[in-house]
Amino acid sequence: MEHMAELGGTVTGFHVAEQCIDCICGRDLVKVDRGSGEIIAQKTVFEKEGLSRKLIADDGQLIIYDFCTLYVFCQKDYELIGRWQLGDDLRSDICGMAADRDTVYCSIRNGKIITLNRQSHLVKEHTVCESSMWSVKIYGPYLVCGTVDGKLLLLDKSTLSPEKELVLGRKNIGSLYVDGETLYAASHDGKLFRIGLEAFEVEACVKNAHRKMFVCAGIWKDALVTVSFPCSEIAFWNKDTLEKIRKMDVPLQLSGRTQIEDGFMYISSRNIAGIDRIKLS
């Protein structure tokens, strides 16, 4: 594992672009040169430290949630485009997030989704189910959501009403990854699923994929890559059969973020002061 960016603290969210990496570290947004690892821009944008923020990048914007607040920044210079208070407390905080060209979708605790129109900045609230949704992904005209009570929901984006439902167990479906017409899902009971999205059916399932909580990090060549931060391990699975190919032991801690890009996995964790990367070959 190569330490490629020293930022002096835990990176709680990042996005790897062609030339730069945009990071959240402490109260700051930090832009790092992808080749040299040097800091080329830095701006304080948050009032307090925080470890639960999430960042996605889309169409020249950085979209970040922090507890109950949604922020949108210009990716180039970190100028604030807008800030919206979507909730008030632990009963109404943001659990998951996704974005397409027109809309930001924020899942709110206890089964709601709040949408933000990216042009008009109009905010709308929709009640979807009775369970919180920590994982939300875009699939064409649909949202795919994993719920805390073990269900997978297929929602029409235009109405945000469930069209299909798949019961995967009783524990949180905490991580989703979409690869074309295939969805990979990680459950907090240790199960790893491959799901055909067109039929919305389970095609393969592995029990005890990791001993503790894990995430679906992405696809590398013909393998699905999963990461368990509490177990300090990375696993590779045949993406068609979910047969385990190999496992790597790496020093990680509690939680973190990952992105696979150009044969590398970029990774942050509580024990990493910045960003590391691993050559997957």
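Here the structure is a predicted model, which means the values were calculated and not measured. All residue numbers in this chain count up from 1 along the given sequence.
Around the NZ atom of K247, the shell of radius 6.0 Å holds no more than 12 heavy atoms that belong to other residues, nucleotides or ligands. Residue Y142 qualifies as open at atom OH: its count of foreign heavy atoms under 6.0 Å is 12 or below. Counting heavy-atom neighbours within 6.0 Å of K151 NZ, excluding the residue itself, gives a total of 12 or less. The neighbour count for E38 CD, taken as heavy atoms of other residues, nucleotides or ligands under 6.0 Å away, does not exceed 12. No more than 12 heavy atoms of other residues, nucleotides or ligands shown are found within 6.0 angstrom of CD on E243. The environment of CZ in R91 is sparse: at most 12 heavy-atom neighbours from other residues, nucleotides or ligands sit within 6.0 Å.
A cation-pi arrangement is found for R277 relative to F264, the charged atom lying closer than 6.0 Å to the ring centre and inside a 45° cone about the ring normal. A cation-pi arrangement is not found for R257 relative to F14, the charged atom failing to lie both closer than 6.0 Å to the ring centre and inside a 45° cone about the ring normal. Because its NZ or CZ atom is not both nearer than 6.0 Å to the ring centre of Y65 and within 45° of the ring axis, R53 does not count as a cation-pi partner of that residue.
Judged purely by atom type and a 3.5 angstrom limit, R34 uses its side chain to pair as donor or acceptor with the backbone of A17. In terms of modelled atom types and a separation under 3.5 Å, the side chain of D179 and the main chain of T182 share no donor-acceptor contact. Formation of a donor-acceptor pair under 3.5 Å by the S132 side chain with backbone atoms of N110 is found in this model. In terms of modelled atom types and a separation under 3.5 Å, the side chain of R109 and the main chain of L90 share a donor-acceptor contact. Remark: the backbone N or O of T12 is not paired with any side-chain donor or acceptor of T10 at under 3.5 angstrom.
Under the side chain to side chain contact (heavy atoms under 4.5 Å, CB included) test applied with I108, the options I94, V128, T127 reduce to a single match, I94. Under the side chain to side chain donor-acceptor pair (under 3.5 Å) rule, D58 has a single partner from R118, Q75, R101, which is R118.
For the pair R194 and K239, the tightest heavy-atom approach, listed with the atom from each and the gap, is NH1-O, 2.8 Å. Here the closest non-hydrogen pair linking L242 and C205 is CD1-N, 4.2 Å. Of all non-hydrogen atoms in I113 and S107, the two that sit nearest each other are CG1-CA, 4.1 Å.
A 4.5 Å side-chain heavy-atom check between V227 and H210 finds every atom pair outside the cut-off. You'll find the side chain of N271 reaches within 4.5 Å of the side chain of P251, heavy atoms only. By the 4.5 Å heavy-atom criterion applied to side chains, K31 and I39 are not counted as neighbours.
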